Amino acid sequence: MVKIQIYPTDISYKLVKDRPVVLLYGKTTDGKRICVQDKNFEPYLMVVVKDPESAQKNIKNSNIMDDERKIPITKIEIVKRKYLNQDLRLLKVHTKNPKDISKIKSELREEYSVFEYDLKFTRRYLVDREIVPFVLTDVEGELLNKKSRVSVLDAQSIEQNSTEVLDNINVLAVDIETYNPRGKNVDAEKDPIVMVALYGKDFRKVIVTKKFQTDLDYIEFAEDEAELLTKLKDHINDFKPDCITGYYSDEFDLPYIETRASKNNVKLDIGLDYSPIIVRKGRRTSARMMGIVHLDIYQFIRKAFRTTLDTPRYSLGDVAKELIGAEKDEVDLGKLAKVYNESPEDLEIYCKYNLRDTELTFKLAHELMPNLIELIKAIGLTLYDVSRMGFSQLVEWYLIRRSKDFNELVPNRPSRDELKKRRNQTYKGAFVYKPSPGLYENIVISDFRSLYPSIITTHNISPDTLNCDCCEGKNKVPGLDYWFCENKKGFISTLISELITRRQRINEIIKDKKSKILFARQYAIKTIANAMYGYLGFYISRWYCLECAKSITSYGRYYIQMLIDDAKEQNFKILYGDTDSIFLALEDKTRQDAQKFIESVNHKLPEHMELESEGFYPRGIFVSAKMGSYGAKKKYALLSEKGDIKITGLETIRRNISPIAKRTQLRVLELILKDNDTKKALHYVKKVVDDLRKDKVDIKDLVIHTQLQKELSEYQSIGPHVAVARILKKKGFDVGPGTVIQYVISEDGDKIRDRAKPVEDCKNYDENYYINNQVIPAVDKIFEVIGYSKENLLASLDQKKLDKFF
DNA sequence: GCGCGCCGGGG
DNA sequence: GTGTACGGCGCGC
């Protein structure tokens, strides 16, 4: 018997004689990779029965068949569970093979209500055994002599008695470049991999299938693609990563590598049991390897981290810039195929580019690892799973894991019919107090701290406390015919209380000493707590409860309305309010008055609710309500005390707007907010307009960028960027989907698309287009707010001397 | 205003 | 894989 300690990193299972063997891959305390196998966990499902004893006999004697084979029922236990507000007696029906559960479910569903039949076996294992990946685990068992890249230990017992976490996970980033003569469309069936880069701690490597002169020591040459793949495999095996990471590697790099390996008859057996990369094709493709976690960092960023990011695009370049402040190398990938064929001596920059991408990917994985680990610790699933989950799934698995502590039965996923019904339900959302357009001074912003989570706790909102018998008709939700129990705490409201308390404690500690890990921990908790409201109203949820979701927004409207009423009563001018925040203009009041007001509201709020002071802004502008079809919501710019301008909802970031229009908008906001000088702002616009008229504007300030979305031939309507792309194509440029077309609007022609020209061809730009379609629309709504209609603005721009106008 | 269909990321 | 299940936006009606 051997006693060891491991940090589990991944889990899988295999079938041996129709029985599952759970494989827990991990790392020992002395840094070796290991596989621990557990044969002692049986799949099961739950059956609701009226008379457990007779049903037990009935099910035991029933013949559930899969074709000719009788599905064995190995054990039936009688258990109790809570479900909504009932106490149920259930049968826990066990079998041997996890794959038979689905069949048993179908049979038993004819007669009984069946539950917990669709929880992935390995996830069920982690939840039931209370094993949290990455946490130190005590294992006792026998070492086996098995064909495997790592030691295999057959476990007698597996237990976690510690909270210590693996902190030196060995990550290897991978990225391929492919031969691609056609531009955007990449085809793994046709086009070979020409280079692959690897990046890990103290390790960098680029393998390329063409020889050329270079001094770079990380470049390695391969005779052909088959050799490249073999070398790739050897490097991975030598490096012994716990985790392989890539950017969009679920849907690109790993499936591509796998396809090319089979085309070349290369056995890419990098799994720790010598299995190949397993590609699962579905609505979304994913890739995994036995014993090595595949982390597609793109998935995590897009699904569970996007709310933290400002960038609307999730390309490696944009994300790396925002998160780690690093940029991609700039190369023309469209020329790679040509260079590869005709001038391989120029391949070096592509190798550098390839390595740089893996470096960025590696650093992103490193940067986000604390967040991932804290989510793993909260939710209790593997890095592989957690990094691919969206908010609703994270919440759901948090609830599934915690349901064990509360003896709650896990609700089923909705049926097809149920889904349809749920999808058609809509309900009233948050309250918005529409702003009056205008320029305002001395703005105080105040918001409720974690409004929805605090409502859930305060009002005990939970599917199992809804409309209880004991509190019938008492304490109804404002405007609704629902109530929530006042006598016993609900499952979800209890969990939210716990999360809020835990987060508060962590934040108290962070106040004194900053810690990246603690910050990630409170962030993980916040993520789960904030997602709970959305989860309750999300049609796919197991714990779906429309009444709960409606009640939460109703209480939300109630509290913000109360806040607005109180502010009015105290004679504050209310500028704007949305969901959980209000903007007040101080006018003749002081900041202390506002603070006092906030305190007075806090005084009457329930215990777990709090109104906070978000900030003070010397000046701010709210733009016209008629901007687009989306209304006036969230269109404003604020000047902070430090002098920064914070823009929300104004269209400065759109790509198909010229630099001159963008810059004019920002400068106008600065002059109005910072200098409080509308005259100067108007002068500035006049100067820009005059410069445009006098041809004094640099052409690069006029360039509009638009990305082609499809093949040129597929465009039905010919926009300016498509027209320019056609010209470029005639000139022999390689344009296809993904190419960013840069163009300038010239004077020669009628329609805009005829006037659009490639930058280098444009001699005489169309001043009227830039004035009327770019600069003026970027600022007219701002001027409207301070009393200039568009006509007014245009008229004043035509005057020789503006001063007359004032 | 609504429903359908496609893109996203990657080369 | 104890198999499902995206979401946002643009376009056409």
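So you know, we letter chains A, B, ... as the sequences are listed, proteins then strands, and number each from 1. Computed from a predicted structure; not experimentally measured.
- Rounded to a whole Å, the CG atom of Leu394(A) is 14 Å from the C1' atom of dC6(C).
- Among the nucleotides dG8(B), dG1(C), dG10(B), the one closest to the side chain of Lys99(A) is dG1(C).
- If you take CD1 of Ile176(A) and C1' of dG10(B), they are 8 Å apart, rounded to a whole angstrom.
- Close to dG1(C), at under 4.0 Å from its OP1 or OP2, lies a side-chain N or O of Arg280(A).
- Going from atom CZ of Arg302(A) over to atom P of dG8(C) covers 11 Å, rounded to whole Å.
- At dG10(B), none of the side-chain N or O atoms of Thr178(A) fall inside 4.0 Å of OP1 or OP2 (strictly under the cut-off).
- Nearest to the side-chain atoms of Tyr298(A) among the listed nucleotides dG8(B), dG7(C), dG11(B) stands dG8(B).
- At the heavy-atom level, Glu251(A) lies nowhere under 4.0 Å from the strands shown.
- For the pair Asp18(A) and Lys96(A), the salt-bridge criterion is not met [side-chain N within less than 4.0 Å of a carboxylate O].
- A straight line from NZ of Lys120(A) to P of dG1(C) spans 4 Å, rounded to a whole angstrom.
- Rounded to whole angstrom, the span from the NZ atom of Lys14(A) across to the P atom of dG1(C) amounts to 19 Å.
- At the heavy-atom level, Tyr256(A) lies nowhere under 4.0 Å from the strands shown.
- Going from the P atom of dC6(C) to that of dG1(C) covers 15 Å, rounded to whole Å.
- Residue-level contact check: Asp296(A) touches neither bases nor backbone, having no heavy atom under 4.0 Å from any strand.
- Asn412(A) has its CG atom 15 Å from the C1' atom of dA5(C), to the nearest Å.
- Within the 4.0 angstrom heavy-atom criterion, no nucleotide atom of any strand lies near Tyr350(A).
- Annotation: side chain of Phe300(A) is not in contact with side chain of Met389(A) (no heavy-atom distance under 4.5 Å).
- Atom-to-atom, CG of Leu419(A) to C1' of dC6(C) comes out at 13 Å; the value is rounded to the nearest Å.
- Within the 4.0 Å cut-off from OP1 or OP2 of dC6(C), not a single side-chain nitrogen or oxygen of Arg284(A) is found.
- Comparing dT4(C), dG10(B), dG8(B) by their nearest atom to the side chain of Arg416(A) picks out dT4(C).
- Here the side chain of Phe538(A) is nearest to one of dG7(C), dG8(B), dG11(B), namely dG7(C).
- With rounding to whole Å, Glu396(A) atom CD is found 14 Å from dA5(C) atom P.
- Closest to the side chain of Tyr247(A), out of dT4(C), dG10(B), dG11(B), is dG10(B).
- At the heavy-atom level, Tyr117(A) lies under 4.0 Å from base atoms of the strands shown.
- Annotation: Tyr83(A) is in aromatic contact with Phe115(A) [ring centroid separation under 6.0 Å].
- Under the rule for a side-chain contact (heavy atoms from CB on, under 4.5 Å), Asp67(A) has no partner lying at least two apart in sequence or in another chain.
- Residue Arg413(A) places its side chain closer to dT4(C) than to any other of dG10(B), dT4(C), dG11(B).
- Side-chain contact between Ile292(A) and Leu172(A) is absent, with no heavy atoms from C-beta onward closer than 4.5 Å.
- Glu77(A) meets the salt bridge (Lys or Arg N to Asp or Glu O under 4.0 Å) test with no other residue; sequence neighbours excluded.
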